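All figures in this text were calculated on a predicted structure; none of them were measured in a lab.
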Amino acid sequence: MRPVALSLLWTILALMPTPHLRESLKALLFLFLTGHGKARPQHSKTKSPSALSRFLNRYPWPTRALIRLAREEAQKALDRARRRKGPKPRLLVVLDLVTLEKRGRFPALPLSFFHGKWGLHLVVLYLVYGDLRVPWAYRLWRGKGEKGLSLLALSLLASLPLWMRRTFRIRVAADAAFGTAWFLFGVRRLGLETVVGMRRDRRLRGGGRLLDLRRQGSRVYLWGLSFPVWVAWYRYPLPQGGWEWRYVVATFPATPRTMLTWGRRRFTVEHFFRAAKSEFSLGQFGQRTALGVHRFLVLSLLAYLLAHWVGVEGRGSWREAREGAARVLLPELVVQVILRELHALGLGPPGGGSEGLCGVCGRCKF
């Protein structure tokens, strides 16, 4: 997958209209890959914070084209990895809500409270196939109600390309925040299968609630739905100790084991959120404009995707993956930072060089 990551990086750099913007983009990606989860423009060692701030908030460069190119490469990677013989391979599509907690005033951003957390709420669509992990798209949720959350999730599912629906048998997994009748009806209308968490007190059409069921795999009609669903439940350990029953429903005929297996796979998105926040600085934006925040989030997700493609063969930690991606994709910046650190310690020459000499170390004539 390393050639794929290199090809994507070169294609994206070619989108930048000027050499200055190309250098700023490389500096930001390098910062995400080496920032230990706390990357901000003021932490850059290769570009000034003001230059990176203007790159994110002011300079005109095609953000949508960058997203489109990343998706095209992701589609090619999925096409190469899919099974060619036999029935259609299943592609897991995970929907989840993540809150990027913030402090301070951001008048241009729709910050709100959700489950006691103040910040920016993103509905993320995440693709899982074999060893491939692709953060495909996100939508901003303004925290105005459960119905709005379901509509955002359905708009993300509707944006999946037709090629993907024809090639894969798509199965959607989501937690109880998306367990509304509107969401289940919309997923069924899109022709997709889904396994969704559900509240234990959800009402049934014939009376009673989910918690009153006694047989795993029961076929029931939820209140407000015109089609049946299949129900399973499991013990969920609580952080403070003890456990509780959690319920999942499927919109297709499935055994309890199938429902619980696919419902468990939803937690891959939780691993993604943990890695994106702790290793790729997803929630560390300090920009106060909507455009700057959007570009920061897009580049953070791009850094995650590049590190995943570089490190997918190694199967090491995310720290090793992102550091390996920095060495493979941006070796000149790695050398530049090392030499500057050596110079600061009095062990090497300063960066910059003079006429006819290398701009990295100032000595060689390559």
Side-chain angles (χ1 to χ4, degrees), residues 87-98 114-115 123-128 139 141 144-158 160 165 168-239 242-270:
K88 280 185 179 181
R90 285 191 178 94
L91 174 68
L92 176 62
V93 175
V94 185
L95 288 166
D96 207 350
L97 180 72
V98 60
F114 182 71
H115 286 181
V123 181
V124 178
L125 189 148
Y126 188 65
L127 306 180
V128 179
R139 295 285 188 275
W141 185 52
K144 291 186 178 179
E146 190 177 11
K147 183 177 179 180
L149 183 61
S150 299
L151 289 176
L152 284 178
L154 291 174
S155 69
L156 285 171
L157 291 174
L160 291 174
R165 300 187 190 183
F168 295 96
R169 186 177 176 182
I170 297 177
R171 184 163 288 175
V172 181
D175 65 5
F178 301 91
T180 63
W182 187 263
F183 177 77
L184 294 174
F185 177 76
V187 173
R188 183 180 175 89
R189 187 172 57 182
L190 290 172
L192 306 177
E193 301 174 345
T194 183
V195 177
V196 186
M198 197 66 59
R199 299 193 318 270
R200 62 197 303 263
D201 60 347
R202 187 65 177 267
R203 296 167 56 192
L204 306 177
R205 185 194 294 181
R209 302 175 186 274
L210 286 181
L211 57 89
D212 300 324
L213 298 175
R214 292 296 177 263
R215 186 168 63 88
Q216 291 269 18
S218 299
R219 179 178 179 269
V220 300
Y221 285 84
L222 296 178
W223 182 267
L225 286 183
S226 59
F227 55 88
V229 296
W230 286 257
V231 186
W233 54 90
Y234 61 97
R235 285 187 176 188
Y236 180 79
L238 298 175
W243 55 272
E244 68 178 8
W245 291 111
R246 293 285 180 94
Y247 288 77
V248 295
V249 302
T251 58
F252 58 95
T255 64
R257 183 176 181 178
T258 298
M259 284 185 278
L260 296 179
T261 298
W262 285 92
R264 192 180 300 115
R265 293 179 183 177
R266 183 194 69 80
F267 289 97
T268 56
V269 76
E270 302 294 344

Open item on the list: For Tyr234, is the OH atom crowded, meaning more than 12 foreign heavy atoms sit under 6.0 Å from it?
Closed with: yes
TODO: For residues Arg266 and Ala173, report the shortest heavy-atom separation together with the two atoms involved.
DONE: CB-CB, 4.0 Å
Task: Least distance between heavy atoms, Phe114 atom then Trp141 atom - done: CD1-CZ3, 3.4 Å
Task: Atom pair CG/OG1 of Leu149 and Thr180 - distance to nearest 0.5 Å - done: 8.0 Å
- [ ] Taking atom CZ of Arg257 as the centre, report whether more than 12 heavy atoms of other residues, nucleotides or ligands fall under 6.0 Å from it.
- [x] no
- [ ] Hey, could you give me the CG/CH2 distance between Leu211 and Trp233, rounded to the nearest 0.5 Å?
- [x] 10.0 Å
Open item on the list: A side-chain contact here means heavy atoms from C-beta on lying under 4.5 Å apart; do Leu157 and Leu95 qualify?
Closed with: yes
TODO: Going by the side-chain contact (heavy atoms from CB on, under 4.5 Å) test, name the single residue among Val172, Ile170, Val195, Val128 that passes it with Leu92.
DONE: Val128
TODO: Could you tell me how the ring of Tyr236 sits relative to the ring of Phe267: parallel (under 30°), tilted (30 to 60°) or perpendicular (over 60°)?
DONE: parallel
Task: From CG (Leu222) to CZ (Arg209), nearest 0.5 Å - done: 12.5 Å
TODO: Find out whether the Lys NZ or Arg CZ of Arg202 is both under 6.0 angstrom from the six-membered ring centre of Tyr247 and within 45° of the ring's axis.
DONE: no
Task: Test log, rule side chain to side chain contact (heavy atoms under 4.5 Å, CB included), inputs Val249 and Val231 - done: CA-CA 5 Å; Val249 302; Val231 186; 4.0 Å; yes
Open item on the list: Could you measure the distance from the CD atom of Gln216 to the CE atom of Met259? Nearest 0.5 Å is fine.
Closed with: 7.5 Å
TODO: State, to 0.1 Å, how close Ala181 and Gly224 come at their nearest heavy-atom pair, and which atoms those are.
DONE: CB-O, 4.2 Å
Open item on the list: Angle between ring planes, Trp243 versus Trp245, binned at 30° and 60°: parallel, tilted or perpendicular?
Closed with: perpendicular
- [ ] Mind running side chain to side chain contact (heavy atoms under 4.5 Å, CB included) on Leu160 and Leu190 for me, showing each step along the way?
- [x] CA-CA 11 Å; Leu160 291 174; Leu190 290 172; over 6 Å; no
Task: Closest non-hydrogen atom pair, Asp96 against Glu270 - done: OD2-OE2, 2.8 Å
TODO: For the pair Arg219 (side chain) and Gly217 (backbone), establish whether a donor and an acceptor sit closer than 3.5 Å, ignoring hydrogens and angles.
DONE: no
Open item on the list: Would you say that Val248 contacts Trp262 through its side chain, given a criterion of any heavy-atom pair below 4.5 Å between the two side chains?
Closed with: no
Task: Any Phe178 side-chain heavy atom under 4.5 Å of Val123 side chain - done: yes
Task: Least distance between heavy atoms, Arg165 atom then Lys88 atom - done: O-NZ, 3.9 Å
Task: CH2-CG distance between Trp182 and Leu225, expressed to the nearest 0.5 angstrom - done: 12.0 Å
Task: OG1 on Thr258 to CZ on Phe252, rounded to 0.5 Å - done: 7.0 Å
